Protein chains: 2
Amino acid sequence: MCVHNGGMTAVQIVESPAADACCAPAGAPPLCTEEAVAKAQHFKALADPNRLRLLSIVKAADGGEACVCELTGPLGLGQPTVSHHLKILVDAGLLHREKRGIWAYYSLVPGALERTAEVLATL
Amino acid sequence: MCVHNGGMTAVQIVESPAADACCAPAGAPPLCTEEAVAKAQHFKALADPNRLRLLSIVKAADGGEACVCELTGPLGLGQPTVSHHLKILVDAGLLHREKRGIWAYYSLVPGALERTAEVLATL
DNA sequence: TTGCTAGATCGATCGTCATCAATTCAGGCC
DNA sequence: GGCCTGAATTGATGACGATCGATCTAGCAA
């Protein structure tokens, strides 16, 4: 057995019991399961090279926005695939989608990247 | 065809030609493929709930370090799985591994999370 | 030496994800 | 109305990743 465990055996088992309300009963600093899943979902959106490039291109685009037709080229991916990635970024709250006429314009959600960065600090 | 493209057709095709040296010939601000892959790899390490909890637990642990036996319990995972996740975090430069006697102690690499956070700002 | 324990590695399995071709939807134009 | 174009959705496929049981390695103690 472990030598340490300075009196925190209470935190030991926080798992299968089907999503126990939520965490932090009092002296439990570490992330609970639900929090961790939510935050991981956020990072999953950033865990793909093509999605990072999408964010980068949109950020650098003229007017801070770009339509899908401007994005398929640089990425070398098919239109459905790019649309798929854009949806993931929108669902993650990182991109904003605005349809004007035939075109769909994507732009960075202000402060979204900064907020994600803060998650790392408050782990 | 697209109406926009304010004179940046040069950036259009940067894809299949088998990893062209590297990016940014001059006026190409967006992430190149290689950069994107490297940065995505970083976020991949954070894109798992259990790894986030590992970081959280290690950070909150007494002395800022924890051995594997302290980590399998809270996560409800087998020892090989925890070891696997820890290796990924070490390879990503987020955790430091120190073997003392029988035990392996893991601690946060100072400034690693902050550096990852900065990547978001410099997309 | 033998035995024991903490941890890493290996192999297999199962689920998730990235990608594409085909289709569908929606907004302009004739 | 019918047609064209930009974009989203669907279905299938191949690759990657999380997990586990079994095995292997490294320290420590009889």
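The structure presented is a predicted model; accordingly, all values stated were derived computationally and were not measured.
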Could you tell me whether a side-chain N or O of B:R115 sits under 3.5 Å from a main-chain N or O of B:P110, the two making a donor and an acceptor?
yes
Grab the CG-P distance between B:L86 and D:dT19 for me, whole Å please.
12 Å
Strictly distance-based, threshold 3.5 Å: is any side-chain N or O of B:R53 a donor or acceptor partner for the main-chain N or O of A:L31?
yes
Compare the minimum distances between each of D:dT9, D:dA18, C:dG7 and the side chain of A:K87, then state the nucleotide with the smallest one.
D:dT9
Any idea which of D:dG17, C:dG7, D:dA7 is nearest the B:R97 side chain?
C:dG7
Picking from C:dA8, C:dA6, C:dA18, which would you name as closest to the side chain of B:W103?
C:dA6
So, for B:T72 and B:Q79, which heavy atoms are closest and what is the spacing to 0.1 Å?
CG2-CA, 3.8 Å
Is any side-chain N of the basic residue among A:R100 and A:E65 closer than 4.0 Å to the acidic one's carboxylate O?
yes
Could you pull out the closest heavy-atom pair between B:N50 and B:L75, with the gap in Å?
O-CD2, 3.7 Å
Please determine whether a side-chain nitrogen or oxygen atom of A:Y106 lies at a distance below 4.0 Å from atom OP1 or OP2 of D:dA8.
yes
Along DNA chain C (nearest heavy atom to each residue), the more 5'-positioned of B:V68 and A:R51
B:V68
Considering every strand and a 4.0 Å limit on heavy-atom distances, what is the contact class for B:H85: base, sugar-phosphate, or nothing?
sugar-phosphate
Rounded to the Å, how far apart are A:L75 CG and C:dC20 P?
10 Å
Protein-nucleotide distance (A:K44, atom NZ; D:dC16, atom P), rounded to Å
18 Å
Does C:dC20 have OP1 or OP2 under 4.0 Å away from a side-chain N or O of A:T81?
yes
Does B:H84 make a side-chain N or O approach to OP1 or OP2 of D:dA18 shorter than 4.0 Å?
yes
Just verifying a value: how many Å separate B:I88 CD1 and B:L95 CG, rounded to the nearest 0.5 Å?
11.5 Å
Just by modelled atom types, is the B:H85 backbone N or O under 3.5 Å from a matching donor or acceptor in the B:R51 side chain?
no
Base-contact (B) and sugar-phosphate-only (S) positions in nucleotides 22-30 of chain D, heavy-atom cut-off under 4.0 Å, - elsewhere:
B----BS--
Can you measure B:L54 atom CG to D:dT19 atom C1' for me and round it to whole angstrom units?
14 Å
Which nucleotide sits closest to the side chain of B:A104: C:dG7, D:dA8, D:dG17?
C:dG7
Nearest-angstrom distance from the residue atom CG of B:L77 to C1' of D:dT19:
8 Å
Given D:dA8, C:dA18, D:dA18, identify the nucleotide with an atom nearest to the side chain of B:D48.
D:dA18
Nearest-angstrom distance from the residue atom CD1 of A:I88 to P of C:dT16:
14 Å
